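Remarks on the structure that follows.
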Amino acid sequence: MLKLYNTLNRQVEELEPLQPGTFTMYTCGPTVYRDVHIGNLRSFLMADWIRRALEALGNNVVHVKNITDVGHMRQEMLEQGEDKVIAAALAEGKTPQQIAEFYTDAFMADEAKLGIKPAHFFPRATHHIQEMIAMIERLLHKGYAYEAGGNIYFDVTRFPGYGKLSGNVFEGLLEGVRVEADPAKRNQWDFTLWKSTEPGRVLKWPSPWGEGFPGWHIECSAMSTKYLGEQLDIHTGGVDNIFPHHEGEIAQSEGAFDKPFVRHWVHGQHLLADGLKMAKSEGNAYTIRDLEDRGFDPLSLRYLFLTVHYRNRLNFTFSALRAAQTALRRLRSRLELWQREDTGRRDEEAERQCMERFWDVVGQDLNLPNALTVLWDMASSTVPPSSKLRLVMDMDQVLGLDLVGALQRSRFVPEPVVALASTREDFRQKRDYAEADALRGEIANASFSVRDTTHGPWIRVSEPHDKLVGFISSPRDVHSYLDRGDAYEFSVNILARDPLQDVKRCVESVLKWRGGHTVEVIVVDNACEAETRMWLNEICEQEPSVRVLHVDHPLGEGAGRNVALKLSLGSYIIALDPSVEVEGDVFTHLRQMLRENSVGLIGRWGVCTQDIRQFVESPGPQVDAVESYCMAFRRALLKELGLMNEKYRFYRNLDLEFSFLFKDKGYQVRAIPELPLTRHEHRVWESLSPQERERLSLKNFRVFLHRWGHRTDLLAANAGGRPDH
Ligand SMILES: [Zn+2]
């Protein structure tokens, strides 16, 4: 069941068709002498969502959208320079028909890019002049219209229902009528049905009243009647169509046929840009091409429009669009993840409940922002991946984000690419990384990327707009590998931050010194600048052992480090700060020491304390905590200790807390000054004012003290009787 606000009676009411099972729907379409702007497209999207919802509910919808290719070609307007596009086209020797065809095609292409289902009929006004003339004759015959000065006018005083849609009464109407006074009219609020041609006009047709052209309102009454009948179930448009256009349509159609014209009027609110209504005259009318030129996927505009209810104004900004694009990409990568994790197991009861919630909100005046909430709740729920896939596909019948298409594109891998990936995997198994890398390059040339996973190679279509694999927003967005067996000797974890030079130095030094060890490098791009992000993508393409995860907004230190921890598959984890540079074989050294079961955590720099209040740097080897520059431990211990505490947004003192976890379970914490590591300037610390350092450190320290402040029993100073050197 779908309920919508009806402009006619100002109530949210259930849609019911005249003919059971089939809805007739008319949408006032574009004027095709220029590109439509995204404000126009918002109202076409609203109509698309209504149609999709009705169809998803099992109804048939017959949809008509007219193409206004007449009525804006008055020669004197051109001479006043009011329509430069037409003027320029005419100057190039193009006919009005050619101009109209060009912009009609452009409009269809824009609709397709937004995933708007094409209407079943796109009647052109210029192809329906005879139908308009016939309707005007009927109105003349019934006394609703009169001829004056070669023009035909609708006499609004003869139609008692005039004003019922807009609420305008005659006193108010004059203000609404913006045309200059026409001495031929009986009443100034009468509107034109047919206008005699002025000298120099290009588009004109013969009629019983001489050469001329139709008024705007009559085209919609005549064409809706021809394709959908004298009565319509649904008529859509923007709020600025309500008066005078739709009021005029009602007067014409009801005057001609003596039946209620439209059962349900639906109007979409304005799109604003910079707080102003989007309009060509304001210079803020963006087109789809403007968005594409800035690197946006048009479907992210569709996503953005989903986030605001159609009866509310929406203020368009590029940063909002960027956020929408990020969300859409996240959704697509979730789908791919579910597909990979799909075991065929479903929870049909959960599916039923979820779709019930979805339809509860969609059915209530098309509340699509809430529908998105239902979708994202479902995405992060514990429903099996197979059910999630099914649910999101069902919801997308209404939302129209082309998620099926995106998934199919991600799934379709041509045979030659599969062969390349499999050959590459053979080389990789033989540790012939040079050959494997060369093949990765060939796969990239075919617009695919390959990632090495514990299930074998994962081949994906490269993103058309950039090479990002997809963003995550929190550690919850990644699958935990903690329960899986070791696949590498070492996992090096790096939580990347700008500038690029630090991350680059750190990653390259790890790769340089890994020697014969199997090392995976997991870099979490914590919302870095484009320069850093692009470099990470490059190194990730070149180096099979480097994995990069992009985060869409900066995560706190604890959360960011947990992303990498969850994905690590090495026997040993080395968490490095980007300010650290490897300057020798740390791996052999660490492996040897971490094999000792009594040892929990090893670092290069350590601190000791007497009172858990003051911590001073200590050469070790026994220390109370190792500093976060370098922390190495056996991955298996995470299952016993748990992940890092995400309350630590700032990095300071998270290392104290993490070290105390090890001590609490009886493991030693050691600092080894011989480890060949150098630390460079810590940019976060250096960038802060003394007050900020104090404030942020203190905040974290309070979290630490709250939990560990009384545990002097854990201190190295009290660890007597355990000589270890
Ligand atoms: Zn219309």
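Order of appearance sets the numbers: ligands from 1, and atoms from 1 within every ligand. Just so it is clear, the model here is predicted, and its values are computed rather than measured.
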*Does C220 put an N, O or S atom under 2.8 Å from the Zn ion (ligand 1)?*
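Of the N, O and S atoms in C220, at least one lies under 2.8 Å from the Zn ion (ligand 1), which means yes.
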*Is the Zn ion (ligand 1) less than 2.8 Å from at least one N/O/S atom of H245?*
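Checking H245: at least one N, O or S atom is under 2.8 Å.
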_Any donor-acceptor N/O pair, R158 side chain to G143 backbone, under 3.5 Å_ =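 It does hold such a pair.
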Do the side-chain N and O atoms of [X] and [Y] include a donor-acceptor pair separated by under 3.5 angstrom?
X	Y	result
E247	H217	no
H37	T287	no
T236	H267	no

*asked:* Looking only at N, O or S atoms in E249, which is nearest to the Zn ion (ligand 1)?
replied: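 The E249 atom nearest to the Zn ion (ligand 1), restricting to N, O or S, is OE2.
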